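Treat the numbers as computed from the prediction; the structure is a model and nothing was measured. Reckoned from all heavy atoms, side chains included, excluding hydrogens, waters and symmetry mates. Protein chains get the first letters and strands the later ones, always in sequence-line order, with residue 1 at the start of each.
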Amino acid sequence: KNQVEQSPQSLIILEGKNCTLQCNYTVSPFSNLRWYKQDTGRGPVSLTIMTFSENTKSNGRYTATLDADTKQSSLHITASQLSDSASYICVEIRLLGSYDKVIFGPGTSLSVIP
Amino acid sequence: NAGVTQTPKFRVLKTGQSMTLLCAQDMNHEYMYWYRQDPGMGLRLIHYSVGEGTTAKGEVPDGYNVSRLKKQNFLLGLESAAPSQTSVYFCASSYTRNTEAFFGQGTRLTVV
């Protein structure tokens with residue numbers, strides 16, 4: 001069982017609409033929690049990095065939130081564009097002494113259609 | 001500024017063959033990582049390096065070896081390829097353990 005779960009698995013929205021992607025993690029506290037965007041056939045690109053003490057972080061039309069009580073993070077995309085079509089990956093990074101354990105979620109596949 | 005560059009981009013190997021994947025970064029990053037990405041699963045860490053001359057095992061190191069002889073390069077070797085190693089391999093680098101990681105474009109490897 002993946003210790004970072006994401007929902008929905010896939011999502012289709014109309015251009016211009018907003019959407020919210022969910023990430024559930026299991027361990028607190030953690031070092032940081034990250035959201036990446038991965039276009040088809042390319043490597044992931046960092047969107048946001050949040051430490052355990054932060055509850056929101058924005059990057060343009062992308063806003064990540066964190067609820068440590070429920071162990072949930074959300075990525076909200078505002079005014080979606082066709083170029084937002086991609087896989088969005090939630091990543092939990094746990095400090096283990098000198099080594100960080102990096103747990104990638106399976107991703108949410110977002111399709112933005114005209 | 002090229003960022004993180006992986007070579008080759010595609011490769012087909014026969015079972016038992018060996019090969020080396022090269023990752024190069026021009027950002028003077030200390031940390032470098034090799035991941036594999038399989039359908040329906042999150043990326044999994046194979047090996048990583050916290051500086052020139054250092055390497056360490058990640059989550060799925062079996063069947064792979066790595067070397068970091070130069071700070072800018074991180075090599076991933078498959079000594080005897082197996083079909084289970086068919087995957088997309090990504091290299092990444094970061095300045096510190098807590099800063100943004102930059103990924104390469106990926107190498108699609110098929111072992112037949």
Side-chain angles (χ1 to χ4, degrees), chain A residues 1-10 21 23-26 29-54 57 59 62 64 73 86-109, chain B residues 2-10 21 23-25 27 29-51 54-61 74 76 87-109:
Chain A
K1 179 182 178 183
N2 198 323
Q3 293 169 297
V4 173
E5 298 179 339
Q6 294 187 240
S7 62
Q9 186 175 21
S10 62
L21 314 180
C23 171
N24 294 326
Y25 60 93
T26 57
F30 51 79
S31 174
N32 54 76
L33 193 138
R34 307 182 181 199
W35 282 93
Y36 285 89
K37 177 187 179 187
Q38 184 176 21
D39 293 316
T40 301
R42 303 181 74 88
V45 174
S46 180
L47 294 177
T48 63
I49 300 176
M50 286 188 294
T51 64
F52 186 70
S53 60
E54 296 177 299
K57 183 68 71 77
N59 178 359
Y62 301 101
S73 177
S87 178
Y88 291 84
I89 303 171
C90 175
V91 184
E92 180 187 6
I93 299 179
R94 307 170 191 173
L95 278 174
L96 297 174
S98 60
Y99 165 58
D100 291 334
K101 186 172 178 65
V102 183
I103 311 293
F104 282 77
T108 291
S109 176
Chain B
V4 178
T5 303
Q6 292 182 229
T7 54
K9 290 184 171 52
F10 304 93
L21 282 66
C23 177
Q25 52 94 6
M27 296 172 283
H29 285 171
E30 292 292 337
Y31 288 70
M32 296 188 75
Y33 316 84
W34 274 107
Y35 294 94
R36 60 177 290 173
Q37 186 174 38
D38 300 297
M41 300 179 69
L43 278 80
R44 292 180 292 169
L45 182 64
I46 304 171
H47 285 281
Y48 67 102
S49 169
V50 301
T54 73
T55 63
K57 295 180 179 180
E59 181 184 355
V60 288
F74 195 30
L76 178 70
S87 188
V88 180
Y89 292 85
F90 286 99
C91 175
S93 72
S94 63
Y95 188 61
T96 71
R97 64 199 298 193
N98 287 320
T99 54
E100 179 182 358
F102 293 83
F103 283 78
Q105 298 277 55
T107 295
R108 183 173 295 277
L109 175 66

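Counting heavy-atom pairs closer than 4.5 Å to chain A, the top-ranked of the candidates B:Arg44, B:Gln37, B:Lys9 is B:Gln37.
Only the side chain of A:Gln38 comes within less than 4.5 Å of a heavy atom in chain B; its backbone stays farther off. For B:Gln6, no part lies under 4.5 angstrom from a heavy atom of chain A.
Each of B:Tyr33, B:Trp34, B:Phe90 was evaluated against B:Cys23; a single residue qualifies, B:Trp34, per the side chain to side chain contact (heavy atoms under 4.5 Å, CB included) test.
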* Run the ring-ring contact (aromatic ring centres under 6.0 Å, His included) check on A:Phe104 and B:Tyr35 step by step: do they pass? -> CA-CA 11 Å; A:Phe104 282 77; B:Tyr35 294 94; 5.1 Å; yes
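Side-chain atoms of A:Lys57 come within 3.5 Å of backbone atoms of A:Ile49 as a donor-acceptor pair (strictly under, hydrogens ignored).
Heavy atoms of other residues, nucleotides or ligands lying less than 6.0 angstrom from CZ of B:Arg108 number 12 at most.
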